[in-house]
Structures are given as structure tokens and as C-alpha cells.
Amino acid sequence: MNTRIPNPFPRSRPFSQLPALAVLLVLGWLVPGLLAAGQRPNIVFVFSDDHAVQAISAYGSQLNRTPNIDRLATEGALFVNSFCANSLCGPSRACILTGKHSHLNGFMRNGDRFDPGQTTFPKLLQKAGYQTAIIGKWHLASDPTGFNYWEVLPGQGSYYNPDFLQMDGSRKRYTGYCTDIITERSLEWLKHGRDQKQPFLLMCQHKAPHRNWSPAERHFDLFNDVTFPEPPTLRDDYAGRSRLLQENEMTIRQHMSWGADMKFQGPNLFPDYFTGSGGNGEYNRMTPGQKAAWDAWYQPRNRAFIEQMQAGALDAEGVFRWKYQRYLQDYLKCIQAVDDSVGRLLGWLDENGLADNTMVIYASDQGFYLGEHGWFDKRWMFEESLKMPFLIRWPGVIPAGVRSEALIQNIDYAPTFLDVAGVSVPSEIQGRSLVPVLKNAGRPTADWRDAIYYAYYENVAAHNVPMHDGVRSAHHKLMFFPRTREWQLFDLEKDPLELRSVHDDPAYAAVRRGLERRYRDLREFYDVNPAVIPAHRRGENWWRQREQDKNALAKEGNVELLFVGDSITQGWEGGGKEVWNEFYADRHALNLGFSGDRTEHVLWRLTRGNLANVKPKVAVVMIGTNNTGHLMQDPQEVAAGVRAILDVLARRMPETRIVLHGIFPRGASPWDEGRVNNTAINQIIRRFADGDHIRYLDLSDRFLAADSTLPKELMPDFLHPNAGGYRIWAEALEPTLQALGL
Ligand code: SGN
Ligand code: CA
């Protein structure tokens, strides 16, 4: 495939006629420090998309050879315990740019928009005199900032004849194969696009080997006679772990599409085995020549498969095996072009005498399943997608052939790059510079971390992987799933394939306690409070429906009185209905109570919901009892969630007065654990009253008996009021509502 790229970079340079040495001497004399600046290492950061360590020979791949990527390990270091903070494209990139976990850099899910005003390492390097460029996949919605030059794919980009967004806002289409074009554009910038007197940062970011795994023509025949070995967990039955593992939609067996993934043409002939109705966007972009080469490889093989199916020669197992092979063929061929890219960049550094003063890194935004657990894709905190390849060559600092077991994470890249460039690392950065580890031949320094924190937030979206977080130490992994409120614990030494959670195994009680402690401590250390991180529950149909219905009502506007909360508030539509009709039916009231919601869900609804037309006189807020009931969450954290809700209301409805209720008492006994937790939350949030916009109203004494027990006659389940309970609520609230002009 020939790719001809016009060169947009101006060739003429000031002083270009003068001998280079003279220029350096004169400039060095004029601008003190410039010569020293010239000695700061360059950084070439090659980054791919979805490249699993199982597909890198330096990591022991049983599937393919990656000689050029391997060179970095041979001449430098390979990290076996390299992890992402959030196993997804945009989030991983945002963690890298900022050195912060997702909840602080704000890019928590694909589809979010990266706040370009944030501090990032390219900005700081640029400020320190580095020439900075990013070429290839970006996927962060806003335009890149902090780069002297950028040219990025829109969204996921395309493999064939891709478009690139340009710095002037235009789009440019290049004919050829994406990986090669990104490589050529990168070389072009190295040769002609930068100020050669300054050190540089090049981020060469491939789309490959991301889905739909479309290989380059030159690699079609690469694995023609190969049958790839199947991973031992290809037929995982998910026993011994959360049922959530069975609910996701990323199995080779059920979720491979006919056209895009499996590369068939025409309508889906076997909908029992393949999803989708046909069509492959990449094929549609190809030139006639590209199509002909593509068809020459795929068509005879596809025909053979179809004939076998029509002859009844393949059973379900046979189809499954075939799909696995086709998937690996395509995926691994895509990697070969990435490996070629690394080879070309290393070759260029060699030829230009820059290898010695350039740090070269190869990594990928997350790992990937190559059939392990029966899956493709990523997202889960299991090893295959948690791991990121990380190979680094830094001549003169890292000895050749280092294999490091230090626990590293993508939030460490930014401080590392800054450290290497001699730029001080801002304290807001959460990652740690790897330089001490690199200088220590890969051995973790005495004070290096013992565990990493991981959090995945996308929840219900492509592939239906539930939100979860957890910690991984050298030998264990603890995960928590808010959707089912389940914990999972894995012993990575005895069970490296993660086939059995030992969370409830008494033999692991001590390990479990220790890791749960680390989990709490790390969340505190990284400033993670789920109570303030907006989260939705769209995986639950009724919730999604209620969200839509309420948004539609909100859009109509004309709301004077707003109720915000959980099931206790939603209950105005149930046990409290008659009382509601009596008190609020003709007062333009809107009920935004959602059963089971915690503060984070209310935050989601208030920030993403369609509330522009809602400007009530009064908003009545009660929230937090599910943070207690579900998670027994620390009162300070829950109170911060309540505070965040009040802040959103103040921002979105500045004229609205707020009645903040103390969370109703729960549990029969005054010593009920949940009751005690709610009491502790209430004693914090009562101070949010400001005597003006926010009033605090605690109704505990109206519900509780003299001995502080909670009477069944008012709250039969010791959590939700019955009709009598709602009457008490309405009557107690009424004077405040009237005082506020309702
Ligand atoms: C696309 C893919 C998904 C993939 C996401 C995220 N579907 O939506 O399989 O999980 O990207 O990938 S596709 O049919 O469009 O290929 S990420 O690496 O960008 O996070
Ligand atoms: Ca990715």
C-alpha cells in the first residue's frame, strides 16, 4: 500500500544556512541555559489502543512476534506489573495527561469531554521549552492543548483512508492505512515540523489494534497456516464469582458482529451466531484497489465458512472456535503494523544520532481480552484488561534487559516525563515519577507503593460492564461492585486466572481485612468519595424510564415545589399519595424521589437531567439513607454528597429556597447500625443551614417513641413511613413551606 503524504511543514528555518555548531555556540552565549536545554532527553511516546500484553513477545506471547517493540525490553526495561487506573480509552488518556485518577481529571467515561484548561504534562513540558506534538488517536472530545503540533483522529478514527482533524479546524483525509499514516506523519514532524534546537516530546498514538481489527494489506497472509492456541479460560462458566460476569456483552460466543467484527459481506446469514445485520464501515471507505486486495483474502475464507455452515458441518462449538480464530487473525495482524511503526521510529532515531538522548516508551491505553473468560474488549479489573504494556528505553540510565515488578500505573507517566525533563511535578499530580525506579534498575525503591487503586465508571454502556473499583497488591486483588454491592477477592498466586473469589473463604479473613483497609485508605489518599461522583442507574429499566418521565415533566416547567430524594420521597406516589393530594396536588409540586438512590445518583439526575425550566420556590431535599443502608458509608463522605447536591441546586436554581431534612431515623432500636450512621450524617448536615437559602428540618422526634425506638405503626419496615407517617411529615413541613411563601 502506498501512502503519499504532502508535507505541510515549512522547510525554511532561520539560520538554516549557518553551520549548526556556530548557531549553537552563538545561541548558547545569547541565551544561557539553551545548551543545557539541548541535553535534556527527548521523549518518544508510542501509544496504541487495546494492545494486550498477551500479544507482545517480550511479555511471553504464545501468539505473535513483535520484534521492534521487544527491542525496547532488550535495550531497556519491561514492566510486568503495569496497570491502568480506568480500563477505557478516553479515561486512560486523561489519566496519562493529568497524572490524576478519573474522578479528579473529570473524564470518567468515553463520551465525556476533557477539560482543556487542566494542567497536563505536555503543557508543562512545552512551557519548559520542549517542542511537543501529538499525532493519531486522541478521543477526548475537546481539541488538544499544550502541543506545538497536533493532528488527531476524530473520535475512534478509521483504519482505511482516515480523516484527521487539523489545528486550523479543518479535516484532512489521507489515503492509506491508519497505522502507517500516523507513523509517517510522526516522522514528518520529527524531520521537518519542530524546532530542532529544542528537546521534543512526540506522542505517536495509534488507533490499532482497536475494534474492528482491520489489518493492513501487507499483513493479510501473515498467519495463513496458523491455528492459535485457545486460552484456558475461553470456556469460562463464571462459577465462583459475581453473576455480573455473565451479564456483560463482550463474549466471542454471542457478541461478535457479522459484518464489522467477522468481516462477512452482505446480510447476516446466521443470526443465531452473529450479531448485526451486516455492513463494515471500514470496507465502505476503501478504494477499489484496497477492496480488491481485501476481498482476495477474506472472500474465499468466508465462502468456505458459509458452505460448511450450509452443509451442517459446523456445530455451535465449531462456530465458536472459528470466530475465535478469525478474531485473533485480525487483531494480531493489526499489531504487526504497530510493531512496524515502532521499528521505523527507532530506526529513524538511530539514523539521526538521537537514540542515545531519547527516552522511548511503548504502552497501550489498556489491556484486552483475547478470549480469556470467553471475552473480547476490556473494562473489567481482571488482569488481562487491567494490565497495560509498558516498555521503556532510556540509554545511560536504564541498563539493558531490565524486567521490573514494581507496581506502576498510567498516572505515573506525567510525573515521570516531567522529572526526566527536570520540570518540577505539581503537587496536584497523584502519580509518582518512575525515575527512582528506573535508576534502580527497575527495582521498586523502599518507599514504593504496595498497591494500586482502580475505578471503572462507565457502567451501563457498550458491553454492559458494571461500575466497579478495587485495589491490586502484588499478590491479591479486591474488587467492589456497587450495582450488586458485592465484593470479590482473588488470590493471584494460587489462582492467577481469577476463577474463584475467596472473599467469603474464612481462610482469607486476614487478607480480606488487610485489603479492605488498603482499599479505604487508598480511596482516602486519592480523594475518592463515591458519594460526590455523579452516577446513574440506567441498567435498571424502571429507573431509566422514571428518569425519562421525570425529565419530560421537568421540561414543562411550572414547578413551585420540588421534592428531591430516594424511596422515602418516591413514596409520596405510594403510601403517601392521599396526603400528597391533600397538601400538594394544587401547588405545582414535582416529585424527584427515586427508590434506592444514593447521593451520587441524585447528583447525576440534577446535573444531567433536564431541569433548565424548573425554578421552584422551594426544594425539599432528603437523601443519604441508602449510602448508609447499602454501603454503611462514612458520615463525612455522605455529608459531602449532600453538600454537593445543595451546591448544584444553588447553581442551577439560585432563587430557590431549600428545606434540607435530616435523614429520617431507621431501624427499630436506637442502636441500629444504620440509625447511628444516619445520626452522624445529620449532625454534620444540620450545619449546612445558612439561615437564608437553606433551612434544616429534622423530624426525628415526631417519629420516635419516648424511648427512641421507631414505632412500627408509623414505619412498618423501620425505614419508610406509611400513610400516617406521611401525614406527620406533611404537617411538620407545612409551616416552613408557608413561611417560604408557598
Ligand atoms: C467502540 C467499540 C467497543 C469498545 C468501545 C470503547 N465498538 O464503541 O467495542 O468497547 O469503542 O473502546 S465498535 O463496534 O464501535 O468497534 S475504547 O478503546 O475507545 O475505549
Ligand atoms: Ca482502548
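All ligand and atom numbering here is 1-based and tracks the order in the structure. Excluded from the calculations below are hydrogen atoms, water molecules and symmetry mates; all remaining heavy atoms, backbone and side chain alike, are included.
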With salt bridge (Lys or Arg N to Asp or Glu O under 4.0 Å) as the criterion, how do R253 and E317 come out once you've worked through the C-alpha distance, each side chain's angles and the decisive distance to 0.1 Å? CA-CA 9 Å; R253 211 181 271 281; E317 246 342 89; 3.2 Å; yes
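- Summary of contacts: the protein heavy atom closest to atom 11 (O) of ligand 1 is Q156 NE2, 3.0 Å.
- You'll find the ring centres of F376 and F368 outside the 6.0 Å limit.
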Checking side chain to side chain donor-acceptor pair (under 3.5 Å) for the pair S257/T275: CA distance, chi angles, key distance, verdict? CA-CA 4 Å; S257 72; T275 64; 4.7 Å; no
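- Between D412 and R449, at least one side-chain N (NZ, or NE/NH1/NH2) sits under 4.0 Å from a carboxylate O, which counts as a salt bridge.
- At the top of the distance list for atom 18 (O) of ligand 1, counting protein heavy atoms only, stands K378 NZ, 2.9 Å.
- An angle of 80° is found at the Ca ion (ligand 2) between D365 atom OD2 and D49 atom OD1, rounded to 10°.
- A donor-acceptor pair under 3.5 Å links the side-chain atoms of D339 to the main chain of N68, judged by distance alone.
- Contacts with ligand 1 closer than 4.0 Å are made by no heavy atom of D261, backbone or side chain.
- Heavy-atom proximity to Q366, at under 4.0 Å, picks out these atoms of ligand 1: 18 (O).
- Of the listed residues (Y331, F223, Y327), just one forms a ring pair (Phe, Tyr, Trp, His ring centres under 6.0 Å) with F228, and that residue is F223.
- Under a 4.0 angstrom heavy-atom cut-off, H255 registers as lying outside contact with ligand 1.
- Proximity to L88 (heavy-atom distance under 4.0 Å) selects the following atoms of ligand 1: 20 (O).
- Shown in contact with K137 at under 4.0 Å from a heavy atom are these atoms of ligand 1, numbered in order with element: 19 (O).
- Among protein heavy atoms, atom 4 (C) of ligand 1 sits closest to D377 OD1, 3.4 Å.
- Per residue D50, closest N, O or S atom to the Ca ion (ligand 2): atom name OD1.
- At under 3.5 Å, a nitrogen or oxygen of C89, whether backbone or side chain, sits near a nitrogen or oxygen of ligand 1.
- Side-chain atoms of Y456 and S87 include no donor-acceptor pair closer than 3.5 Å.
- Just one residue in the list F390, Y59, Y362 forms a ring pair (Phe, Tyr, Trp, His ring centres under 6.0 Å) with F79, and that residue is F390.
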Test side-chain contact (heavy atoms from CB on, under 4.5 Å) on Q488 and F382 and set out the steps. CA-CA 11 Å; Q488 305 270 281; F382 295 110; 5.6 Å; no
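- In terms of protein heavy atoms, atom 3 (C) of ligand 1 is closest to H463 NE2, 3.3 Å.
- Remark: R185 is not positioned above the aromatic ring of W189, lacking an NZ or CZ atom under 6.0 angstrom from the ring centre and at most 45 degrees off the axis.
- Ranking the protein heavy atoms by distance from atom 5 (C) of ligand 1 puts R379 NH2, 3.6 Å first.
- Near D49, meaning under 4.0 Å from one of its heavy atoms, ligand 1 places the atoms 18 (O).
- Backbone or side-chain N, O or S atoms of S364 do not reach the Ca ion (ligand 2) at under 3.0 Å.
- By the 3.5 Å distance cut-off applied to N or O atoms, N212 is not counted among the residues near ligand 1.
- Among all non-hydrogen protein atoms, the one lying nearest atom 6 (C) of ligand 1 is N110 ND2, 3.4 Å.
- In the vicinity of H139, heavy-atom distances shorter than 4.0 Å reach the ligand 1 atoms 19 (O).
- Side chains of Y283 and D295 form a contact here, defined as non-hydrogen atoms less than 4.5 Å apart.
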Is there a side-chain contact (heavy atoms from CB on, under 4.5 Å) between F417 and I361 once you walk through the steps? CA-CA 11 Å; F417 294 146; I361 286 125; 3.2 Å; yes
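- Put simply, no part of M250 is less than 4.0 Å from ligand 1, judged by heavy atoms.
- Nearest to atom 7 (N) of ligand 1 among the protein's heavy atoms is R211 NH1, 3.3 Å.
- Distances from atom 14 (O) of ligand 1 to the protein include at least one heavy-atom value under 4.0 Å.
- For K207 and Y159, the positive end sits near the middle of the six-membered ring, less than 6.0 Å away and at most 45° from its axis.
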